Visitor: 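Have a look at the structure that comes next, please.
Both backbone and side-chain heavy atoms feed into the values below; hydrogens, waters and symmetry mates do not. Keep in mind the model is a prediction, meaning the values are calculated, not measured. Letters A, B, ... are given to chains in the order of the sequence lines, protein chains preceding strands, and every chain is numbered from 1.
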Amino acid sequence: MSTRTRYWLMKSEPEDFSIDDLARVKVEPWTGVRNYQARNFMRAMQLGDGVLFYHSNAEVPGVYGLAEVASAAYPDPSQFDRKSKYFDEKSTREQPRWDLVDVRYVRTLKRAITLDDIRGQAEKLGEDFALIRKGNRLSVLPVTAAQWKTILSLE
DNA sequence: GCCAACGTTGGC
DNA sequence: GCCAACGTTGGC
């Protein structure tokens with residue numbers, strides 16, 4: 001039995017890049033992740049995996065749309081770009097530190113599923129759901145099929 | 001803008 | 001390996 005995660009949640013600050021931006025460009029390289037855990041999750045992603053598009057640092061934080069993984073993980077070019085704020089001097093082309101995946105727009109939710117909505121299902125989602133764990137700051141995190149279903153049932 | 005929580009860095 | 005200092009995330 002395969003136990004790979006087929007669903008993920010990815011956070012973006014809407015002032016920086018929102019679901020509307022993704023709807024416009026259709027496919028976006030998920031640049032700028034500089035956290036090893038989040039990077040490792042992206043490395044585990046496979047084409048077609050489902051993504052909950054989450055707005056963080058928003059007026060109303062929550063899931064605003066659906067996307068899907070549109071590439072396998074590959075080195076994030078911004079780590080080599082001296083002019084980028086994501087430049088990492090410890091990264092080399094031979095041994096890149098940071099990967100990303102491309103993310104493709106699927107749809108915008110009819111109504112945002114807010115963080116409050118999601119917290120309301122905490123019991124069903126489980127203590128281990130990283131989004132609602134205290135102090136959690138992970139920007140890319142796995143979602144089980146059951147959690148995916150529970151969250152989308154709130155739309 | 002505030003601040004709690006967390007990850008990373010670097011001195012020892 | 002410990003841990004203080006620092007920077008960042010993200011809700012409020």
Side-chain angles (χ1 to χ4, degrees), chain A residues 5 7-25 28-45 49-69 73-144 146-148 150-155:
Chain A
T5 306
Y7 302 103
W8 310 90
L9 181 145
M10 298 173 88
K11 297 178 185 174
S12 184
E13 301 195 13
E15 294 217 349
D16 188 42
F17 189 81
S18 71
I19 189 69
D20 291 340
D21 294 321
L22 185 61
R24 203 169 307 120
V25 299
E28 178 75 3
W30 205 260
T31 193
V33 169
R34 295 294 180 269
N35 169 285
Y36 290 106
Q37 222 183 330
R39 178 204 67 184
N40 292 343
F41 286 137
M42 287 200 291
R43 285 183 174 173
M45 288 180 182
D49 283 359
V51 174
L52 299 170
F53 195 107
Y54 181 91
H55 284 183
S56 62
N57 264 318
E59 206 177 321
V60 181
V63 174
Y64 280 74
L66 302 184
E68 65 181 13
V69 174
Y74 62 96
D76 181 345
S78 68
Q79 69 195 301
F80 308 122
D81 179 1
R82 206 161 268 285
K83 281 173 291 189
S84 167
K85 67 171 173 174
Y86 299 124
F87 175 70
D88 185 343
E89 59 181 357
K90 289 178 183 158
S91 198
T92 65
R93 296 206 180 256
E94 294 69 35
Q95 287 202 307
R97 278 187 160 190
W98 305 112
D99 281 1
L100 55 70
V101 295
D102 292 343
V103 170
R104 177 182 297 115
Y105 177 77
V106 173
R107 70 179 177 90
T108 302
L109 298 192
K110 294 187 282 288
R111 170 186 99 75
I113 300 165
T114 68
L115 181 57
D116 280 348
D117 293 337
I118 295 169
R119 285 209 179 108
Q121 297 295 310
E123 215 163 304
K124 213 169 167 189
L125 292 166
E127 301 275 317
D128 61 329
F129 187 49
L131 183 72
I132 52 179
R133 257 195 327 239
K134 192 178 182 184
N136 171 68
R137 302 180 310 160
L138 251 193
S139 64
V140 177
L141 52 106
V143 174
T144 66
Q147 288 164 344
W148 175 274
T150 298
I151 290 170
L152 285 184
S153 74
L154 301 171
E155 186 180 0

Visitor: We want to know whether D102(A) and Y74(A) form a side-chain donor-acceptor pair, criterion being a heavy-atom distance below 3.5 angstrom.
Guide: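 Per modelled atom types, D102(A) and Y74(A) side chains form a pair under 3.5 Å.
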Visitor: Does either side chain, that of S18(A) or that of D20(A), offer a donor lying less than 3.5 Å from an acceptor on the other one?
Guide: no
Visitor: Could you give the start and end, 5' to 3', of the contact zone on DNA chain C for chain A, using atoms under 4.0 Å from its heavy atoms?
Guide: dG7(C) to dC12(C)
Visitor: Which distance, rounded to the nearest 0.5 Å, do you find between the CZ of F129(A) and the CD1 of I151(A)?
Guide: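 These two atoms lie 4.0 Å from each other.
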Visitor: Would you indicate what R119(A) reaches in the nucleic acid, counting non-hydrogen atoms under 4.0 angstrom: base, sugar-phosphate, or nothing?
Guide: sugar-phosphate
Visitor: Look at the side chain of Q121(A) and the backbone N and O of T150(A), then say whether any donor-acceptor pair between them is shorter than 3.5 Å.
Guide: no
Visitor: Using the closest heavy atom to pick a nucleotide of DNA chain B for each, name whichever of R97(A) or N57(A) lands nearer the 5' end.
Guide: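 Comparing both residues, the 5'-ward one is N57(A).
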Visitor: How many angstroms lie between atom CG of D116(A) and atom CG of L154(A), to the nearest 0.5 angstrom?
Guide: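 Reported value, rounded in 0.5 Å steps: 11.5 Å.
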Visitor: Nearest-nucleotide wise, let me know which of K90(A) and R137(A) is further upstream toward the 5' end of DNA chain B.
Guide: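 That would be R137(A).
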